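Working notes, beginning with the structure itself.
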There are 2 protein chains.
Amino acid sequence: MLATLDAIDRHILRVLQRDGRISNVELAKEVGLSPSPCLRRIRLLEEAGIIDRYVAVLDPAKVGAGLTVFARVWFKTQDAEVTLRFGEAVRRFPEVMECYLTTGECDAVLRIVTADLHSYWRFQADHLTRIPSVLSVKTDVPMETLKRSYELPLR
Amino acid sequence: MLATLDAIDRHILRVLQRDGRISNVELAKEVGLSPSPCLRRIRLLEEAGIIDRYVAVLDPAKVGAGLTVFARVWFKTQDAEVTLRFGEAVRRFPEVMECYLTTGECDAVLRIVTADLHSYWRFQADHLTRIPSVLSVKTDVPMETLKRSYELPLR
DNA sequence: ATAGCATTGGCATGATATGCCAAACTTTCG
DNA sequence: CGAAAGTTTGGCATATCATGCCAATGCTAT
């Protein structure tokens, strides 16, 4: 469900994606409104679910989550029961930040966050490959970060 | 550089990862402190860079960014010049949310966000594969989301 | 046991969010 | 073309909150 956002709405969203704690007064100044209508627009964007939530972004390296890896998973079978159980298992692991079912070469792709390569290896050996649905796992291990953005592109 | 976080610090970080706009008064109540020392801890966490920033999280589907795909990229050569140019190109594309250099099967992995499969295809054909460094691209297209988290695991 | 240090809690002040109302603008329909 | 209805805006008053300062408490080391 795409909402109809005008230029001011998109401007508000762009600013809030960069600074979610900007004061309404300052935000209003930036988008060229007075505080009242600006706050009203924000509330509407929140009620529509376009703004889902506000969060603090932590430095992964400084909280012991310095390594991001992408894992591709193959299932033993592709039936609903297997994918359901896999989803339940994956949701219990805080290391798994994202998990999607795919069609094509592999059955699922995961973005996993751990402290370092050693703790990733332990996670894969002790937990990921022990989920009954899992046949095999292939991992791409990043050596360097070229880009990391938190801002969705707004057309 | 890992900092030494006590239980209260981790509690604060956990709450702020879920609600980055909670008032200091309420946060203090939740972690069992009075507002003053709570705010002081927050400021220290910010100054240490452990809290990197605060952002608004948007609903991707509602702002025309409903499709997340993972792409694996192979370079023509692996020299520094090629990876440098690739990084520059990738940073200019707002659709590319994350990009890491890898060692092993492929040379880089990307998390790319677009409106739908059609606009992803256009992005890949018109932009990604036209970066001079790129030899080939393989894409895993998610059909369903099993998990999507914004909270780093805090041990 | 005691001195030094870090952390806490309370208070005062200035800034901000928020709800309400009137005015301006836009759209719709006669 | 004009009038009326609806939408959006700006300003104001009030309650809440952030923030800086200082004394008191708890902890550590000698």
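In what follows, chains carry the letters A, B, and so on, assigned in the order in which the sequence lines appear, proteins first and then strands, with residues in each chain numbered from 1. From a predicted model like this one, the values you see are computed outputs, not experimental measurements.
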To the nearest angstrom, the CZ-P distance between A:R40 and D:dT9 comes to 9 Å
Gap between atoms CD1 and P, on A:I42 and C:dT16 respectively (whole Å):
14 Å
Taking only side-chain nitrogens and oxygens of B:R41, does any of them come within less than 4.0 Å of OP1 or OP2 of C:dT7?
no
Residue whose closest nucleotide on DNA chain C lies nearer the 5' end, A:P35 versus B:C38:
B:C38
Calculate, to the nearest 0.5 Å, the distance between atoms CD and OG belonging to B:E26 and B:S23 respectively.
5.0 Å
Close side-chain approach of B:R148 to B:P60, heavy-atom, < 4.5 Å:
yes
Hey, are B:R72 and A:E105 close enough for a salt bridge, meaning a charged N less than 4.0 Å from a carboxylate O?
yes
A:L44 CG to D:dT9 C1', straight-line distance once rounded to whole Å
13 Å
Donor-acceptor contact present, side-chain B:T68 to main-chain B:V113, <3.5 Å
no
So which pairs with a foot in residues 124-155 of chain B pass ring pair (Phe, Tyr, Trp, His ring centres under 6.0 Å), sequence neighbours left out?
B:F93-B:H127, B:F123-B:H127
Estimate the overall bend of the helix from C:dA1-D:dT30 to C:dG30-D:dC1 from the end axes over five pairs each, rounded to 10 degrees.
40°
What integer distance in Å separates B:L33:CG from C:dA6:P?
18 Å
Would you tabulate the pairs of protein nitrogen or oxygen atoms and nucleotide nitrogen or oxygen atoms of nucleotides 20-26 of chain D closer than 3.5 angstrom?
| from | atom 1 | to | atom 2 | distance (Å) |
| --- | --- | --- | --- | --- |
| D:dG20 | O6 | B:S36 | OG | 3.4 |

Side-chain touch B:E151/B:R14, heavy atoms, less than 4.5 angstrom
no
Please name all residues satisfying ring-ring contact (aromatic ring centres under 6.0 Å, His included) with A:F75, sequence neighbours left out, ordered by chain then number.
A:F86
Salt bridge flag under 4.0 Å for residues A:E81 and A:R85:
yes
Among residues 9-31 of chain B, which residues get a heavy atom nearer than 4.0 Å to DNA chain D?
B:S23, B:N24, B:V25
Could you pull out the closest heavy-atom pair between A:C106 and B:D140, with the gap in Å?
SG-OD1, 3.7 Å
Sorted by first residue and then second, give each side-chain hydrogen bond (donor to acceptor under 3.5 Å, both in side chains) pair with at least one member in residues 33-48 of chain B; sequence neighbours left out.
B:D6-B:R41, B:D9-B:R41, B:R43-B:E46, B:E46-B:Y54
Under a 4.5 Å cut-off applied to non-hydrogen side-chain atoms, are A:L110 and A:L128 in contact?
yes
